[in-house]
2 protein chains.
Amino acid sequence: MLSKKTKYALKAMLVLAKEYGQGPVLISDIAQREGIPRKFLELILLELRNQGVLQSKKGKGGGYFLGRPPQQISVGQVVRILEGPLAPLPCVSKTAYMRCRECRDERTCGIRIVMKEVRDATAKILDSTTLEDMLRRVEVVVTGKESLAFSI
Amino acid sequence: MLSKKTKYALKAMLVLAKEYGQGPVLISDIAQREGIPRKFLELILLELRNQGVLQSKKGKGGGYFLGRPPQQISVGQVVRILEGPLAPLPCVSKTAYMRCRECRDERTCGIRIVMKEVRDATAKILDSTTLEDMLRRVEVVVTGKESLAFSI
DNA sequence: GAAAACTCTAGTAAATTTATAGAGTTAATT
DNA sequence: AATTAACTCTATAAATTTACTAGAGTTTTC
């Protein structure tokens, strides 16, 4: 299960994707719109900023905004920042691989083989879905229309 | 990430799958073979038993054994018992669905749509992989041979 | 009836999660 | 230059989960 922190992060990123190009958005605004505890959200946005997916502007008129356009930020990137590796086991992680200490032969570990499939399937979905995709899919549901690009 | 508990459970289940049909196996044996703290393993096996995937025999000559043949127990069943639902969010779980309190319209929640894909992909893998599959895949790697059934 | 094994309830230390508090820094505006 | 709006950063803390441990109880076999 995703932690609340990760869920909050995704919601915040979606708000910022919606407002992309319209200048910085206040932490308080995001917090209120999405019902996220303000101070907790600060920490989350700070982390996303330090990892480079968000940028911020201090002082009056400041706030947060996406570091790249919404079609260049994947759900996988966001989830990894907050949640750590997507893999169910460290020994099948590509971004944070770690050998199991007790494992004699990785190639013959049945658990590993299955969990690697799960990791790959998860990564395939999350790394190929961008913030823009998420916004667009919502629209598709609402309007019943698909963009041409989407139906290819 | 899978908890140690779940990883221990899978290891224990694989041992019992290997010994299937040969009578009960001692908790201590499993614990020793897999390097699992004995008393902790007791709790895990008890839970698996109470959920029906394991059976046990008390007293001298007792021990644990699979409740069904290895080809009828899926990894998904075991993981769900220890870890809870496979879904990253309760609102996309089939076995433990729960609406998000703050969600106005589930159909238009971008996060939900993506996480549902992840759940479905995960479930497809874990529910279709049995203990026997895991044992057999290991053999395939070791011997370089595939059974006919497997290569279909 | 003694020993071997599982059963069950309780407890506990450490880690993680989910926050909250407050002083510090930066930028805009007057 | 003073004020105020905002983000930054460190520390702390409550609640929950994880990973065990202890021990008394029950069942079965010999």
Side-chain angles (χ1 to χ4, degrees), chain A residues 1-12 15-16 19 23-32 34-67 79 81-85 88-90 101-102, chain B residues 1-12 15-16 19 23-32 34-67 79 81-85 88-90 101-102:
Chain A
M1 287 278 178
L2 291 184
S3 63
K4 281 196 180 187
K5 204 171 176 181
T6 302
K7 207 176 151 191
Y8 290 160
L10 289 172
K11 287 187 171 196
V15 169
L16 294 174
E19 306 298 331
V25 183
L26 297 185
I27 297 179
S28 317
D29 281 1
I30 304 173
Q32 191 157 34
E34 298 299 331
I36 304 170
R38 151 90 198 257
K39 280 304 234 174
F40 194 31
L41 181 59
E42 279 186 18
L43 294 184
I44 295 168
L45 296 181
L46 202 55
E47 196 162 355
L48 290 167
R49 186 198 104 104
N50 291 336
Q51 296 299 319
V53 294
L54 286 186
Q55 290 183 10
S56 61
K57 206 181 158 225
K58 277 184 175 179
K60 205 170 186 178
Y64 274 97
F65 48 98
L66 297 186
V79 171
I81 289 171
L82 280 301
E83 202 85 358
L89 294 175
R101 204 163 24 72
E102 78 279 12
Chain B
M1 287 278 178
L2 291 184
S3 64
K4 281 197 179 186
K5 202 172 179 182
T6 303
K7 207 175 152 190
Y8 290 159
L10 289 171
K11 287 187 171 195
V15 168
L16 294 174
E19 307 297 331
V25 182
L26 297 185
I27 296 179
S28 316
D29 281 0
I30 305 174
Q32 191 156 33
E34 298 299 331
I36 303 171
R38 152 92 201 255
K39 279 303 233 175
F40 194 31
L41 182 58
E42 277 187 19
L43 294 185
I44 295 168
L45 296 181
L46 201 55
E47 195 161 357
L48 289 167
R49 186 198 104 102
N50 291 337
Q51 296 300 318
V53 294
L54 287 186
Q55 289 184 11
S56 62
K57 206 181 158 222
K58 278 182 174 180
K60 204 170 186 176
Y64 274 98
F65 49 98
L66 297 187
V79 171
I81 289 171
L82 280 300
E83 202 84 358
L89 294 175
R101 201 163 27 72
E102 77 280 12

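Below, read A as the first sequence line, B as the second, and so on, with proteins coming before strands; counting in each chain starts at 1.
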Gap separating the OH atom of Tyr64(A) from the CZ atom of Arg49(A), nearest 0.5 angstrom: 6.5 Å
Presence of Lys4(A) side-chain N/O under 4.0 Å of dA19(C) phosphate oxygens OP1/OP2: yes
Leu82(A) side chain reached by Leu48(A) side chain, heavy atoms, under 4.5 Å: yes
Atom pair distance, as rounded to whole Å: CG in Leu26(B) and P in dA3(C): 18 Å
Distance, rounded to the nearest Å, where Ile44(A) contributes CD1 and dC9(D) contributes C1': 16 Å
Selection from dT21(D), dC8(C), dA23(C) that lies nearest to any side-chain heavy atom of Lys39(A): dA23(C)
Nearest-angstrom distance from the residue atom CD of Glu83(A) to C1' of dT18(C): 13 Å
Interatomic distance where CG belongs to Leu46(B) and P belongs to dT26(D) [whole Å]: 15 Å
N or O in side chain of Tyr64(B) less than 4.0 angstrom from dT7(C) OP1/OP2: yes
Ile27(A) CD1 - dT25(C) C1' separation (whole Å): 14 Å
Interatomic distance where CG belongs to Leu43(B) and C1' belongs to dT21(D) [whole Å]: 9 Å
Given dT10(D), dA10(C), dT28(D), the nucleotide with the shortest approach to the side chain of Lys58(B): dT28(D)
Side chain of Phe40(B) (C-beta onward), nearest among dA19(D), dT20(C), dA5(C): dA19(D)
Lys57(A) side chain near dA28(C) phosphate (N/O to OP1/OP2, under 4.0 Å): yes
Minimal non-hydrogen separation, Val25(B) against Glu19(B), with atom names: CG2-CB, 3.8 Å
First encountered from the 5' end of DNA chain C, between Tyr8(A) and Glu42(A): Tyr8(A)
Length of the line joining Leu2(B):CG and dT18(D):P, which is rounded to integer Å: 12 Å
Ser3(B) side chain near dT17(D) phosphate (N/O to OP1/OP2, under 4.0 Å): no
Phosphate-side-chain proximity, Arg49(A) and dT8(D), N/O vs OP1/OP2 below 4.0 Å: yes
Candidate nucleotides dT29(D), dA10(C), dA5(D), ranked by approach to the side chain of Lys60(B) - the nearest: dT29(D)
Distance in angstrom units between Arg38(A) CZ and dT20(C) C1', rounded: 12 Å
Option from Thr6(B), Leu2(B), Val79(B) for which side chain to side chain contact (heavy atoms under 4.5 Å, CB included) with Pro88(A) holds: Leu2(B)
Shortest non-hydrogen contact from Ala12(A) toward Leu41(A): CB-CD1, 4.1 Å
Sugar-phosphate, base or nothing in reach of Leu45(A), heavy atoms under 4.0 Å: nothing
